[in-house]
Amino acid sequence: MGDESLFQASALRLSGPAFAAPLIVTGEDFRFIVSEQLAGIEQQAQTILIEPEGRNTAPAVLAAALWLADHDPDGLMLVAPSDHVIPDTAAFGAAVAAAIPRAEAGELVTFGIAPTRPETGYGYLELAPGASPSASTPQPLARFVEKPDAARAAEMLEAGNFLWNAGIFLFSNKAILAAYEAHAPELLAGARAAVAGSARDLSFTRLAADPWAELADISIDYAIMEKADNLVVMPYGGAWSDLGGWEAVWQESGPDEAGNVASSNATAIDCRNTLLRSEAEGLELVGIGLEDMIAVAMPDAVLVAHKSESQRVKEAVASLKDKGAKQATAFPVDHRPWGWFESLVIGDRFQVKRIVVHPGAALSLQSHHHRSEHWIVVQGTAKVTVDDEVKLVTENQSVYIPLGGVHRMENPGKVDMVLIEVQTGSYLGEDDIIRYEDVYARS
């Protein structure tokens, strides 16, 4: 939605003199993406907590609170999802500042967004009688309201005393831990064990898997917020979207006079109210005569849906998992601590990859049982080790790694090094690897 990713925009929004370095909670598959994204905006996290598996927001927030209890027990926690669009950083910062006194007093502050339409994709917050939805200070809250149908959403918009539930919270570390003690004590023992048994891994903190797996999969709204009696809501009247579905992306992207949004490599012909988005370099997406449609082309999959059905993407993912499609669980680009790679072509007994190694980074010293490799450098310079030989390989040069050869590639330069790797052999899986030395301490 801009020059930075949504994650980077969120990190930048929550930075500056009023904020400590962020604590990030994420999953195994995203850990290197997170660290690389932070480095791209010259930020560093206090730590990055790695969830062994997703258990929803209540365990995630609790783990963060327990970690912070050992590092900043008197601090305030601002809990924010990483995929929101909030263009006015100053206005949002002012709303956070206005909520601080109530959080310091021990109350749990939730943020509510002034609704602009009868939205069925968001939960709502009903204000208590006499509360103002446009106030500049926290207001009393009557209750949480589940995502409504269209008729009920229209009624709430007309009533004027409802806000969208942003899923953003501010509270003291002590207050939220007390809330878990009171309302979700069953989560505490497992979360404490997961944090106490955590292990450092590079710049990450890995939560212990066994106790974490025993935790309920539950949101913080259900576990805490709907039960707490010390809750207030901070209204926010600025622009906001949680991009919870592709229809929200369409809306936030600024449709043209015909209601169309098309990415740079997409074309809309005689279309109305349509989103056409191609995320694949070199793949042109064309829509003809479409109305109220969404089409998103990725390098490995294409989504086509009516705009009114865009919230059902989770069903599509579940269906792909059921049929064993790798697109449901694997990224087209595989991020590693040293950079990333993607498979360009996979055939019978061969595979072609593009590999990008960041400046100063190095892959492990390794060998393979079942494949040989050809490396062709197309950008930068690679320092290559093959058995006892170490040499520099520059652009338009290549090197051969025989079956069983002990090898490593490094980037000694100041820019990304890019090479094309051609693998040939009887088995090409990522688990065909023996590591002898690894600066990232992988087994």
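Everything numeric in this text was worked out from a predicted model, so none of it was measured. Residues: numbered from 1 along the sequence shown.
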> Report the C-alpha separation of Arg192 and Leu66 in whole Å, then their side-chain angles, then the decisive distance to 0.1 Å, and conclude whether the side-chain contact (heavy atoms from CB on, under 4.5 Å) test is met.
CA-CA 7 Å; Arg192 283 195 175 111; Leu66 291 168; 3.9 Å; yes
> Kindly give the heavy-atom pair with the smallest separation between Pro59 and Ala216, and that separation in Å.
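Here Pro59 and Ala216 meet closest at CG-O, 3.4 Å.
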> I need the Ile218 CD1 to Leu187 CG distance, nearest 0.5 Å.
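If I round to the nearest 0.5 Å, the distance is 6.5 Å.
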> Which atoms form the tightest heavy-atom contact between Ser35 and Phe204, and what is the distance?
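Closest pair (atom of Ser35, atom of Phe204, distance): OG-CZ, 4.0 Å.
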> If the threshold is 4.0 Å, N to carboxylate O, is there a salt bridge linking Glu53 and Arg55?
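Looking at Glu53 and Arg55, the cut-off is met.
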> Is the number of heavy atoms from other residues, nucleotides or ligands under 6.0 Å of Glu281 CD greater than 12?
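Check fails, neighbour count at 12 or below.
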> Judged by atom type as modelled, is there a donor-acceptor pair below 3.5 Å linking the side chain of Asn411 to the main-chain atoms of Val415?
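It does hold such a pair.
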> Would you say the ring centroid of Phe30 lies under 6.0 angstrom from that of Phe331?
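Here the rings of Phe331 and Phe30 have centres that are less than 6.0 Å from each other.
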> Fit a plane to each ring of Trp340 and His335, take the angle between them on a 0 to 90° scale, and name the class: parallel (under 30°), tilted (30 to 60°) or perpendicular (over 60°).
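Ring orientation of Trp340 relative to His335: tilted.
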> Using the ring of Trp246 (Phe, Tyr or Trp, six-membered ring only), decide whether Lys307 places NZ or CZ under 6.0 Å from its centre and within 45 degrees of its axis.
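Output no; distance or angle outside limits.
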> Under 3.5 Å, is there a donor on one side chain and an acceptor on the other for Asp416 and His358?
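Yes, side-chain donor-acceptor contact under 3.5 Å.
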> Under 4.0 Å between a side-chain nitrogen and a carboxylate oxygen: does that hold for Arg31 and Asp29?
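Salt bridge flag = no for Asp29 with Arg31.
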> To the nearest 0.5 Å, what is the distance between CZ on Phe92 and CE on Met234?
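One gets 10.0 Å once the value is rounded to the nearest 0.5 Å.
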> Just by distance, with hydrogens left out, do Thr57 and Ser219 show a side-chain donor and acceptor under 3.5 Å apart?
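The answer is no; no qualifying pair exists.
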> Taking atom types as modelled, is there a side-chain donor on Arg152 or Thr120 under 3.5 Å from an acceptor on the other?
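Arg152 vs Thr120: no donor-acceptor pair found between side chains.
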> Check whether Tyr180 reaches the backbone of Ile224 with its side chain - one donor and one acceptor, N or O, closer than 3.5 Å.
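Not a single qualifying donor-acceptor pair exists.
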> Where the side chain of Asn56 meets the backbone of Ala58, is there a donor-acceptor pair that is under 3.5 Å apart?
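Side chain of Asn56 to backbone of Ala58: no pair is present.
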> Minimum heavy-atom separation for Pro255 to Val261, with atom names?
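Heavy atoms only, the tightest pair is CA-CG2, 3.6 Å.
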> Please check if the distance between the ring centroids of Trp240 and Tyr122 is under 6.0 Å.
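Yes; Tyr122 has its ring centre under 6.0 Å from that of Trp240.
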> Is it true that atom CG of Asp431 has more than 12 heavy atoms of other residues, nucleotides or ligands lying nearer than 6.0 Å?
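It does: Asp431 CG has more than 12 such atoms within range.
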> Taking the side chain from Ser278 and the backbone from Leu283, do they hold a donor-acceptor pair closer than 3.5 Å?
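Yes.
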> Count the heavy atoms of every other residue, nucleotide or ligand shown that sit under 6.0 Å from CD of Glu186, and state whether that count exceeds 12.
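Yes, because the 6.0 Å sphere around CD of Glu186 holds more than 12 heavy atoms from other groups.
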> Hydrogens and angles aside, do Ser263 and Asn265 bring a side-chain donor and acceptor to less than 3.5 Å of each other?
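There is such a pair between these side chains.
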> Classify the ring geometry of His407 against Trp375: parallel below 30°, tilted from 30° to 60°, perpendicular beyond 60°.
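Aromatic pair His407/Trp375 classed perpendicular.
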> Output, in order, the C-alpha distance, side-chain angles, deciding distance and verdict of side-chain contact (heavy atoms from CB on, under 4.5 Å) for Ile48 and Phe32.
CA-CA 10 Å; Ile48 299 171; Phe32 297 124; over 6 Å; no
> Can any side-chain N or O of Glu410 pair as donor or acceptor with the backbone N or O of Pro412 at less than 3.5 Å?
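A pair under 3.5 Å: no.
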> Could you tell me whether the side chain of Arg312 and the main chain of Glu309 form a donor-acceptor pair under 3.5 Å?
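Not a single qualifying donor-acceptor pair exists.
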> To the nearest 0.5 Å, what is the distance between CD1 (Ile433) and OG (Ser367)?
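That separation rounds to 8.5 Å.
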> Tell me whether Lys227 at atom NZ has more than 12 heavy atoms from other residues, nucleotides or ligands lying less than 6.0 Å away.
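For Lys227, atom NZ is crowded (more than 12 foreign heavy atoms under 6.0 Å).
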> Taking atom CG as the centre, does Asp300 end up with more than 12 heavy-atom neighbours from other residues, nucleotides or ligands that are less than 6.0 angstrom away?
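Buried by this count: over 12 neighbours within 6.0 Å.
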> Just checking, is any N or O donor in the side chain of Thr385 or Arg408 under 3.5 Å from an acceptor N or O on the other one?
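No pair is found: no donor N or O on one side chain lies under 3.5 Å from an acceptor on the other.
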> Report yes if the side chains of Trp67 and Gln46 come closer than 4.5 Å at any heavy-atom pair, otherwise no.
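A side-chain contact exists here, since the closest heavy-atom pair is under 4.5 Å.
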> Would Arg200 and Thr47 count as a side-chain hydrogen bond (donor to acceptor under 3.5 Å, both in side chains) here? Give the steps.
CA-CA 10 Å; Arg200 291 291 294 173; Thr47 194; 2.9 Å; yes
> Taking atom types as modelled, find out whether Thr26 and Glu51 have a side-chain donor-acceptor pair closer than 3.5 angstrom.
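The criterion, which ignores hydrogens and geometry beyond distance, is not satisfied for Glu51 and Thr26.
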> Under 3.5 Å, is there a donor-acceptor pair between the side chain of Glu107 and the main chain of Leu231?
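Absent.
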> If we only count heavy atoms from C-beta on, is the Leu419 to Val378 side-chain gap below 4.5 Å?
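Counting from C-beta outward, Leu419 and Val378 never come under 4.5 Å.
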> Side chain of Gln139, backbone of Ser132: donor and acceptor closer than 3.5 Å?
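It does hold such a pair.
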> For a quick check under 3.5 Å, do Gln37 and Ser5 share a side-chain donor-acceptor pair by atom type?
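Their side chains do contain a donor-acceptor pair, which is all the 3.5 Å distance test asks for.
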> Do the side chain of His84 and the main chain of Ala80 share a donor and acceptor less than 3.5 angstrom apart?
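No, the answer is negative, given that no donor and acceptor are paired below the 3.5 Å cut-off.
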> What do you reckon, is OH of Tyr222 surrounded by more than 12 foreign heavy atoms closer than 6.0 Å?
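Counting other residues, nucleotides and ligands, OH of Tyr222 stays at 12 neighbours or fewer.
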> With a 3.5 Å distance limit and no angle check, can you tell me whether Asp432 reaches the backbone of His369 through a side-chain donor-acceptor pair?
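Checked: pair present.
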> Report the distance from atom CG of Leu141 to atom CG of Leu108, rounding to the nearest 0.5 Å.
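Taking CG in Leu141 and CG in Leu108, the distance rounds to 11.0 Å.
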> Can you find a pair of side-chain heavy atoms, one from Leu68 and one from Pro73, that are under 4.5 Å apart?
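Contact flag for Leu68/Pro73 side chains = no.
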> Within the structure provided, determine whether Pro81 and Ile168 are in side-chain contact (heavy-atom separation under 4.5 Å).
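The answer is yes, as the side chains (C-beta and beyond) meet within the 4.5 Å cut-off.
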> Between Asp74 and Asn173, is there a side-chain donor-acceptor contact under 3.5 Å, judged purely by atom types and distance?
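No.
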> Please determine whether side-chain hydrogen bond (donor to acceptor under 3.5 Å, both in side chains) holds for the pair Ser343 and Gln351, giving the CA-CA distance in whole Å, both sets of side-chain angles, and the decisive distance to 0.1 Å.
CA-CA 7 Å; Ser343 293; Gln351 179 173 202; 2.5 Å; yes
> Might you point out which heavy atoms bring Val195 and Ala63 nearest each other, and give the distance in Å?
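Heavy-atom minimum between the residues: CG2-O, 3.9 Å.
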> Mind checking the CD-CD1 spacing from Glu181 to Ile176? Nearest 0.5 Å is all I need.
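Here the interatomic distance stands at 11.5 Å.
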> Does the side-chain contact (heavy atoms from CB on, under 4.5 Å) test come out yes or no for Trp164 and Glu119, once each step is laid out?
CA-CA 9 Å; Trp164 287 334; Glu119 175 62 55; 3.6 Å; yes
> If you look at every heavy atom in Ala131 and Pro140, which pair is closest and at what distance?
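The pair with the smallest heavy-atom distance is CB-O, 3.8 Å.
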> Evaluate the side-chain contact (heavy atoms from CB on, under 4.5 Å) criterion for residues Glu146 and Glu226: first the C-alpha distance (whole Å), next the side-chain angles of each, then the deciding distance (0.1 Å), finally the verdict.
CA-CA 11 Å; Glu146 291 297 311; Glu226 294 183 5; 3.5 Å; yes
> Decide yes or no on salt bridge (Lys or Arg N to Asp or Glu O under 4.0 Å) for Arg354 and Glu421, but give the supporting numbers first.
CA-CA 6 Å; Arg354 172 164 55 176; Glu421 177 182 84; over 6 Å; no
> After noting the C-alpha distance and the side-chain angles of Arg102 and Glu104, does the key distance pass the salt bridge (Lys or Arg N to Asp or Glu O under 4.0 Å) rule?
CA-CA 5 Å; Arg102 301 295 286 271; Glu104 289 178 332; over 6 Å; no
> Under 4.5 Å between any side-chain heavy atoms of Met156 and Val145, yes or no?
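Heavy-atom side-chain distance check passes, below 4.5 Å.
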> In plain terms, say whether Arg371 and Glu373 are close enough for a salt bridge, that is, a side-chain N and a carboxylate O under 4.0 Å apart.
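Salt bridge between Arg371 and Glu373, a charged N being under 4.0 Å from a carboxylate O: yes.
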> Once you round to the nearest 0.5 Å, how far does CG of Leu243 lie from CD of Glu252?
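Interatomic distance, Leu243 CG to Glu252 CD, rounded to 0.5 Å: 6.0 Å.
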